[in-house]
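Sequence lines set the chain letters: A, B, ... in the order given, protein chains first and strands last, and positions in each chain run from 1.
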Amino acid sequence: MSLTIALPHSFNFYATVTDHGWYRLSPFDFDHDKKVLSRVEELSTGKIVFVSIQHRLNSLIVDLEYIDDVLSPVEEQEIEEKIKWIFRLDEDFDRFYQLCQDIGERNGIIKQYRGRLLRSPSLFEDIVKTIFTTNTTWSRTIAMTNNFVTHLGKPYHLEKKLFSFPNVTTVVAKGEDYLKKHLKLGYRSTYIFELAQRIVSQDLDLEGLKHDVISTDQVIAQLKTIKGVGPYAISTILMLLGRYDYLPIDSDFKKHVRMKYFSGVSPSQQEMKQLYDQWGEFKYLAYWFDHD
DNA sequence: GTCCAGGTCGCGC
DNA sequence: GCGCGACATGGA
């Protein structure tokens with residue numbers, strides 16, 4: 001069966017999927033030729049669904065495959081909510097486009113309706129993946145995510161190695177030693193295990209942080225309590241939550257501004273930040289699309 | 001073997 | 001508040 005989800009006027013499917021690297025991380029899979037984004041999704045009822053998403057006219061067409069039984073309306077609705085979330089259909093980029101107009105159009109942002117960056121259905125998944133990007137290379141990030149998903153995710157198709165992103169209960173049940181021995185996450189094993197444990201024990205409510213009524217300061221205060229999440233990760237996670245006012249001051253950011261604005265000479269932290277001050281609540285996106 | 005990657009933690013001052 | 005070594009892993 002399939003679902004049809006209406007899209008806002010300003011929507012660019014290809015840009016939303018590929019302007020950020022997340023689509024290359026399991027369980028996401030993107031078929032560049034067919035322009036189909038797919039992933040295995042575990043619903044809160046426990047049902048495992050293979051979801052394929054493509055763009056048709058002013059809608060997303062979502063094909064759903066599952067082993068047996070049927071999907072209830074509630075389950076269909078859960079899938080729809082998740083898809084709206086990962087494509088940020090509720091976010092408004094008009095103010096960002098206005099700033100681009102005022103400050104300077106770059107890389108076809110306005111014309112191509114760029115700005116949306118793909119994210120994961122759950123904040124747990126996004127935080128795990130963010131931790132997998134710290135102090136390592138992108139190829140290791142891909143490998144760590146693959147290991148995590150194939151060892152702990154629920155299978156949809158074993159031969160094709162299609163699994164859902166692991167849920168927190170599974171991570172806790174498998175135990176920290178299992179993560180350390182088999183997943184090659186390095187010292188991150190402890191962080192991931194502790195994070196899952198805190199969610200299971202309801203010491204931490206990540207999904208609650210998705211709501212706009214919570215102030216960014218409150219979100220930051222919560223994120224700071226997560227081991228393995230420092231300034232760079234906080235900035236990245238805030239971006240994933242649709243809050244773009246914090247810059248990710250990491251090696252890549254420093255290299256970018258050094259080469260583009262300071263002729264290869266390292267500027268001070270203050271000088272770096274000032275570059276994007278005029279972008280106000282959209283500093284992160286301004287930096288992100290500042291690359292060629 | 002050594003160094004380091006889109007950092008962060010825990011310590012000592 | 002700041003500086004510094006340690007941290008798992010694999011590729012250069």
In whole angstrom, what separates [X]'s [atom1] from [N]'s [atom2]?
X: A:Tyr187; N: C:dC7; atom1: OH; atom2: C1'; result: 7 Å
X: A:Ile131; N: C:dA8; atom1: CD1; atom2: P; result: 15 Å
X: A:Phe132; N: C:dA8; atom1: CZ; atom2: C1'; result: 13 Å
X: A:Gln269; N: B:dG7; atom1: CD; atom2: P; result: 14 Å
X: A:Leu25; N: B:dG6; atom1: CG; atom2: P; result: 14 Å
X: A:Leu195; N: B:dC9; atom1: CG; atom2: P; result: 13 Å
X: A:Ile237; N: B:dG6; atom1: CD1; atom2: P; result: 18 Å
X: A:Ile192; N: B:dC9; atom1: CD1; atom2: P; result: 12 Å

Looking at every strand, decide which applies to [X] at a 4.0 Å heavy-atom threshold: base, sugar-phosphate, or nothing.
X: A:Tyr287; value: base
X: A:Ile226; value: sugar-phosphate
X: A:Phe253; value: nothing

Next item on the list: Map A:Val229 and A:Asp252 onto DNA chain B by nearest heavy atom, then report which one ends up closer to the 5' terminus.
Entry: A:Asp252

Check: In residues 134-148 of chain A, what residues come within less than 4.0 Å of DNA chain C, judged by heavy atoms?
Finding: A:Asn135, A:Arg140

Margin query: Side chain of A:Ala233, heavy atoms from C-beta onward: which of B:dG6, B:dT8, C:dG10 has the nearest atom to it?
Written below: B:dT8

Notebook entry, point to check: Cationic tip of A:Lys174 within the cone over A:Tyr178's six-membered ring, i.e. under 6.0 Å and within 45° of the normal?
Noted result: yes

Next item on the list: Rounded to whole angstrom, note down the C1' distance from B:dT8 over to C:dG11.
Entry: 22 Å

Note to self: Using atom P in both nucleotides, what's the gap between B:dG6 and B:dG10 to the nearest angstrom?
What the structure shows: 24 Å

Notebook entry, point to check: Which word best sums up how the rings of A:Tyr244 and A:Tyr284 line up, parallel for under 30°, tilted for 30 to 60°, or perpendicular for over 60°?
Noted result: tilted

Next item on the list: Just say parallel, tilted or perpendicular for the rings of A:Phe96 and A:Trp279, cut-offs at 30° and 60°.
Entry: tilted

Ion pair [X]/[Y], N-O distance below 4.0 Å:
X: A:Glu194; Y: A:Arg188; answer: no
X: A:Lys84; Y: A:Asp90; answer: no
X: A:Glu42; Y: A:Lys47; answer: no
X: A:Arg39; Y: A:Glu41; answer: yes

Margin query: Any side-chain N or O of A:Lys227 below 4.0 angstrom from OP1/OP2 of B:dG10?
Written below: yes

